[in-house]
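Scroll down for the structure; my scribbles are underneath it.
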Amino acid sequence: MDSQTPREKLENWLRYYDDLNLGAFYTDRRTMGKRTIKPKPISAPAALLEMQPAMTTVPAKAARPAAALPIVNAASLLDVIDRVENDTLERICDDLGECTRCRLHKQRNKIVFGAGNRRAELVFVGEGPGHDEDLQGLPFVGRAGKLLTQMIEAMGLQRDQVYICNVVKCRPPENRKPEEDEVATCSPYLYRQLDAIAPKAIVCLGATAAQALLKTSDPISRFRGEWFDYRNTKLLATYHPAYLLRNPAAKSEVWKDLQKVMAHLGLKAKKVSK
Ligand code: URA
């Protein structure tokens, strides 16, 4: 049984974000581009905030001033995390450490933080490590990864020119979808990675990444291939390469999506030698 009161739970969450050094909170100003997508049902932290409408101070560590905490109406408290000043991938990786913050750490071999160009104009975000990634500590190195490499090269890029990471950094057992609380616990690191890299475009590979960053529970088929604004960066969701391995017919749709990304980045498709 959960012995914490809602207020204690909220305080724990706020302490958690404070420990992550995520700075101040501000009210959400997310936009969704032209298209409206349904906000996700509120997750635990936001639900707690809603239950505490009168609470206006951050009950965090003594050193932090009891700054006014805007009451947040956003879909999730995770939406309202401010940028960390001068953040770097090294610092984020250090903060992640040998993470034990969620149950996924129990069965992992290696944390898969992400890999690629720290100044990449293009970031791909997948769901979470699979078997090969867990063993090597690198993202997208299995079968789906090989297809992703082909997609990147078809766009006229090399893999080391882009950055590749995942929503969760530890392999979910049996490659199951990460649970909502696992996504919520790991997402701040992804947000910080994206902020630190500051790419020109983010491509979400599959529903988990898109739903985590856009805060929606809509199926990906409803908004795939459309541009959204994610914290002032263009974001587009397309199908996951693992899905393409099972459904090769969907490759043409993904190629159309990637062509939109190429147009935005001024890239020309790789010439296929005959
Ligand atoms: N699938 C993902 O979503 N990420 C990986 O790193 C590998 C497979």
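In each ligand, atom 1 is the first atom listed, and ligand 1 is the first ligand listed. Because only heavy atoms are used, hydrogens play no part in the values below, and waters and symmetry mates are left out as well, while side chains stay in. All of these numbers come straight from a predicted model, not from anything done at the bench.
Counting Ile, Leu, Val, Met, Phe, Trp and Tyr side chains that sit under 4.5 Å apart, directly or through other members, V141 shares a hydrophobic cluster with L138.
Two residues are said to be in side-chain contact when any heavy atoms from C-beta on lie closer than 4.5 Å; P178 and V183 meet this criterion.
Classification of the F223-F228 ring pair by plane angle, with boundaries at 30° and 60°, yields perpendicular.
Atoms OG1 and CZ, on T88 and R118 in that order, are 8.0 Å from each other to the nearest 0.5 Å.
At a heavy-atom cutoff of 4.0 Å, ligand 1 is surrounded by G126, E127, G128, E133, P139, F140, N166, H240.
Between the side chains of T185 and R101, no donor-acceptor pair is found at a separation under 3.5 Å.
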Show your reasoning for whether salt bridge (charged side-chain N to carboxylate O under 4.0 Å, His left out) applies to D132 and R143. CA-CA 9 Å; D132 298 299; R143 273 184 76 218; over 6 Å; no

